[in-house]
Structures are given as C-alpha cells and as structure tokens.
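Structure in structure tokens, see below.
As the structure is a prediction and not an experimental result, all values here were calculated from the model.
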Amino acid sequence: MDTPFTTIAVVGLGTMGTGIAEVLARAGREVVGIDIDPAAARRAVASLEASTARAVRRERLTERERGDVLARFRTFSDLSAAADAELVIEVVPESYEIKQQVIRELDAVVAPGTILATGTNALSVTRLAAESLRPERVLGLHFFNPAPAMKLVEVVSSVLTAPPAVEAVTGLARELGKEPVAVGDRPGFVADGLLFGYLNQAAAMYEAKYASREDIDAAMRLGCGLPMGPLALLDLIGIDTARTVLEAMYAASHDRLHAPAPVLGQLSEAGLTGRKAGRGFYSYAAPGSQDVVPDALTPHEGAAGVPGRTVTAVGVAGSGTMASGIAEVFAKAGYTVVLAARSQEKADTAKGRIAGSLERSVTKGRLTAEARDEALARITPAGSLDAFAEVDLAVEAVAEDLLVKQQLFATLDKVCKPGAVLATTTSSLPVVSVARATSRPQDVVGMHFFNPAPAMKLVEVVRTVLTADDVHTTVREVCAKVRKHPVDCGDRAGFIVNALLFPYLNNAIKMVEEHYATLDDIDAAMKLGGGYPMGPFELLDVVGLDVSLAIEKVLHQEFRDPGLAPAPLLEHLVAAGCLGRKTGRGFREHTRR
C-alpha cells in the first residue's frame, strides 16, 4: 500500500493527542487536530508553541523551521475536518462508547482509503473495528507518553485488519523516528500488558502495608534500575486510567494478577487520581505538578527510636561473588572485616578477587591507591567461622539453600559473642526459619544486598516477628555508613524487589509461549516503552534461568496464586541445562567466555 500520509488527523487533544500531533508536525505532516473542547485545542497549540520555542533555544530548530511546524498544525472542533486525511488517529477517552461513536462518525466523513487508527491501550481493537464500515482499515497505533520522547509504537492488528494497512502505518512510524513493534489484539498489548500487572502488584503490596510507598518505589528504582518507582508511575499515568486498563486485562485473562487492587478503585472514586489531581499515592504541589510535597504519610527524618548496637568489626561468610562484594563494601567504609570460607584457600582467593576489584576502581579514578591499600588491609581471610568470635555483625552470603543456611547459623550461634547481630543475605528464603536455628532469633535479621554489591545502592532490611528493635536500628545505621539505601520489608517470599520483578518476568515468558510476540519485540517494548535498562529476556539470561525458576517456585508456593506458577517454557529450558549466559544458552545463544 503506497500511502504518503501527507495529511493526518488527530482526534482528541489531551496530553497524548497533543504529543502525537507534535511528532507528526515536526516530521513534515499536515496535522488536523480535532477536539470538541475549544480549551483543549488552545492548550494543544500553546504546548506546541512552547515546545518548539524550547527547541529553538536549544538550537534544534531554526525560527523558520519553527514557523513551518506551527503552520502545519490546525485545530478544529468537528470531525468533518478530517475529510481529507489519509490517516486518522483517535486518542479520545478509554471508553468503548466514545471510541465507537467517533469511528462511526469518521466512516461518514473520510475517504474510502483512509486508515483509522485507535490509540487505545486497553480496549479491543477488533471490537472497535467491528463498528466500522471498513474494518480492514482499522488498526491500533499505541504511542507512549510523552510521545515526542518515547521511541516505542505498538502497531496492533485485529483479525480483520488488512496487511497493507499495517505495512503503511509501520512505515510511517519508522519515518517518524520511532521503533514500531507488531502485536496482536489483546488488552495491554506487550508493554502495558507486562507493565500494568507489575504496577497492580505494587499497589496491592502498598495496600497490605507490607512496605511504605517510599520504600517500594526506592526498591524498584535502586534494585532494578528503573527510572521511576511503580507508585510514582501510577500517579503519572493516572490511577483511574490504570484501573481501566487492568479491568480490561482482567476481563480477558481472569488472572488475579490483573484484578485491580481495591486501593486503585478507592483512590479513583475519591478523585485522587495522581498528578493530574494533585494527589494520588503521593501529594503534589498543585494539580498537574510533578513536585511531591510532604503529607501525613511522609516519613519524618531523624525521628527518635531505639538506639542501635555498636558495630566496628564485621564477619562475612562465603567466598563467592556476593560475599566478596559485601566484604569490599564494608572494608571501604572503614570496618574491620573477617572473610571466612570453607577453607583458607577459598578465603584467600576471595580476598584476591576483592584486590582485583579495588585495583579496577583505582584504574578508573574512583579510588586512590592509598584507599585501596587501607581497605585491603582491613580484610582478614579465614578458613573457619571460628574467626567470627569477636565480630559485632556477621553477614552470611552462602548458597541459597535453607538447610545450608540453618547449619551455618547454628554454627554462628555458638561462635559469635552475645549481642552480635546475625544477618542473612537470602533473597527468597524465610528469614525466621534461619533465625530459629539459633538460640537468639531476636538477633537475626535479613540484609539483602544486590549484585554487584559494591555498585548497587539498595539493601532490603528484613525483620522477622522475632527481630529486636535495636537489631533493626543497627542494620539501618550500618547501611547508612556503607552508603547503601535501606528499605524495610517484612519476612515473606521475594521481599519487595523479587516479589514484583519475577511475576513480570514470568508473564513475559508466557507471552512467548503463547506466540503473542517474539523475544526481541518484548525486550524492545519494555526498554523503549517502559524505560527498563534491560528487556525481560536479557535480564533472565543474566540472572540465570535456574535462579529465576527457584525464586518463582518460592513465590508460587508462598502466595498460592495460579498466576505465579512458573511458565512451563522456563522449566523446560532449565531441565535442558539452558541456564543463560553462564552456560552459553538460555533464551538466546551467548558466546562462552
């Protein structure tokens, strides 16, 4: 289909419609903006004027080019203005009734060859197409907010869509500098289909008072490298919009992970829909503002609490990457460190790994040679846990096996002095089960570092029902001293990060199992549309498929939710020995190093 798309109509001039109009006008298209609200049209014009003025100031446009862009954008209040458009993109509110009415009215206005694109991210494109006199010309064109900046565009086909229409719109997306991903018609498509399940779980986690809004958001930013935490993102998207998307997803999937958390309905009904209302999960300086202001839920810095215990000497049990990294973190922060392994040789090797890491920091200018030598001198390798007799804090980083950890903690109980804090770095096992292996469960706490420990800022602080208040305070104080960000969470599977991350990864695998989208398209969609530093399959191969499967089994066992059952494809790959980068093959082939 050779369609030039010289004139394109955009119906609905809210934030998304205005952004799409700007993208089109700046790409040389004549843009007909249509909105029944004159105020919306005026705001759209003002927005384009402001954004192009900024572009001139930044020398990305000349004044002449700016004038040309503004001249290409005209606004109208009636759909008849779309008569000469070769493509119409509707971005009116997410309502079947409203969208179907728009499509029916456009049928009577536009030429027979005009393509009608819906910008929906939640409703059935097939159901909308069925309202048209020419359903083969109706498809989905899902931009992401803000449209001028976000590269992803999902091109959605229904069973009725003609392939030439898809090809023409896909070509346009590329000409606009976007990355089009072809997807089928199901609620949420790829990016939102994965994103909104994760956001919903975060809302449910907050509603259950498992963790504070600040800790949930900090955990996902610092633990996963995301640009925004899930609750802040819900406020940006609009809590009412998120609820609508989830309702549509749940109606199609009947997956409990998509059943909107009640708090989303409560906030929506109260008009607390996020940034646009000035209040959602957080409070903002004004409606539409991005500036968060303190409210009744904001933590008070420096609030008086139970004093912590004194920590000057730290023991780290283990000889792997995580143990070495944690020992390096403590040594660089000035602590005396005993690094104990199953043999003196293994402990010496682990210290050698730390020496190499510190040397790389010196080479990169992040550490002085003097600081390197001082940190290394603080670390004493030992071949037995007996060396922990005088440590104030013992941190284990051994295999993720409950029996192994219980045996180790039983030994720590005998070796460590009274009052020493005993911490486990487990990411999925119950901390209380480890604590009960000792005669002093009140001294046991979870201290979940993230790999690589020297670089990752997050530590999940996990207190059990038996953990003493001063132990909790001690660990938080230690986190501050080693320049890590502690987040508090209770003793349940996955804590914050893994409980939110791995169901998302599992759902991505299910999309591939169902032949809904390819690995490459899913990875591209989440990086370009969700701002993720890695796509889900890239991440799975890095983490290790066996590790991922173990965590997903623990989550499924604890929460008993059928939607958390590990995807069969993941189980098959692990059974075949395809564990990711470490074996040279996971979801993709990798070069063995």
Would you say K346 has more than 12 foreign heavy atoms packed within less than 6.0 Å of its NZ?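 No, because the 6.0 Å sphere around NZ of K346 holds 12 heavy atoms or fewer from other groups.
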
L376 and L358: CA distance, side-chain angles, deciding distance, side chain to side chain contact (heavy atoms under 4.5 Å, CB included) verdict: CA-CA 8 Å; L376 205 56; L358 293 171; 3.9 Å; yes

K417 vs D392, test: salt bridge (charged side-chain N to carboxylate O under 4.0 Å, His left out). Steps then yes/no. CA-CA 8 Å; K417 66 185 181 182; D392 306 300; 2.7 Å; yes

From D217 atom CG to S212 atom OG, the distance as rounded to the nearest 0.5 Å: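 One finds 8.5 Å between CG of D217 and OG of S212.
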
Minimal non-hydrogen separation, E460 against C489, with atom names: CB-SG, 4.0 Å

List the steps and the verdict of side chain to side chain contact (heavy atoms under 4.5 Å, CB included) for M447 and V459. CA-CA 6 Å; M447 201 173 179; V459 175; 3.8 Å; yes

Taking the side chain as C-beta and beyond, is there a heavy-atom pair between F196 and I237 under 4.5 Å? yes

Any chance you could measure L528, atom CG, to D523, atom CG, to the nearest 0.5 Å? 10.0 Å

Could you grab the distance from atom CG of D295 to atom CZ of R213, nearest 0.5 Å is fine? 4.0 Å

Contact summary for V329 and A453, nearest pair of heavy atoms: CG2-O, 3.6 Å

Any salt bridge linking D235 with R279? Criterion: basic side-chain nitrogen under 4.0 Å from a carboxylate oxygen. no

Is there a donor-acceptor contact under 3.5 Å linking the side chains of T321 and S324? no

For residues A317 and L408, report the shortest heavy-atom separation together with the two atoms involved.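 For A317 versus L408, the nearest heavy atoms are CB-CD1, 4.1 Å.
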
Quick check: are there more than 12 heavy atoms from other residues, nucleotides or ligands sitting under 6.0 Å from CD of Q557? no

Hey, is CD on Q344 packed in by over 12 heavy atoms from elsewhere, all under 6.0 Å? yes

If we only count heavy atoms from C-beta on, is the M456 to L222 side-chain gap below 4.5 Å? no

Spacing of SG belonging to C224 relative to CG belonging to L501, to within rounding of 0.5 Å: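 It is 4.5 Å, given to the nearest 0.5 Å.
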
Could you walk me through whether E400 and V554 pass side chain to side chain contact (heavy atoms under 4.5 Å, CB included), step by step? CA-CA 12 Å; E400 191 73 348; V554 169; over 6 Å; no

CG/D373 to CZ/R378 distance, rounded to the nearest 0.5 angstrom? 10.5 Å

Is the closest side-chain heavy-atom distance between L385 and L412 below 4.5 Å?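 In short, these two side chains touch, coming nearer than 4.5 Å.
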
Test K481 against E477 for salt bridge (charged side-chain N to carboxylate O under 4.0 Å, His left out), laying out the working first. CA-CA 6 Å; K481 188 169 180 181; E477 289 174 348; over 6 Å; no

Taking the side chain as C-beta and beyond, is there a heavy-atom pair between P486 and V475 under 4.5 Å? no

For the residue pair E214 and T298, what are the closest heavy atoms and their distance? OE2-CA, 4.1 Å

If we count only N and O atoms by modelled type, under 3.5 Å, do the side chains of N200 and Y250 hold a donor and an acceptor together?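 Side-chain D/A pair, N200 to Y250: absent.
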
I want to check something: taking the side chain as every heavy atom from C-beta on, are L272 and I239 in contact at a cut-off of under 4.5 Å?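 No, every pair of side-chain atoms sits at 4.5 Å or beyond.
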
Neighbour count above 12 (heavy atom, 6.0 Å) for R372 CZ: yes

Angle class for the Y532/Y504 ring planes (parallel below 30°, perpendicular above 60°, tilted otherwise)?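 Plane angle under 30°, so parallel.
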
From K405 atom NZ to L429 atom CG, the distance as rounded to the nearest 0.5 Å: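 Taking NZ in K405 and CG in L429, the distance rounds to 6.5 Å.
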
Using a 4.5 Å cut-off on heavy atoms from C-beta on, say whether the side chain of T425 contacts that of F450. no

Is the closest side-chain heavy-atom distance between F495 and V487 below 4.5 Å?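 No, too far: nothing below the 4.5 Å cut-off.
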
Are side-chain heavy atoms of F537 and I509 found at a separation under 4.5 Å? yes

Measure across T518 and D521 and return the closest heavy-atom pair with its distance rounded to 0.1 Å.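 Smallest heavy-atom distance, with atoms named: OG1-N, 3.0 Å.
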
Closest non-hydrogen atom pair, S439 against D413: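 The answer is N-OD2, 2.8 Å.
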
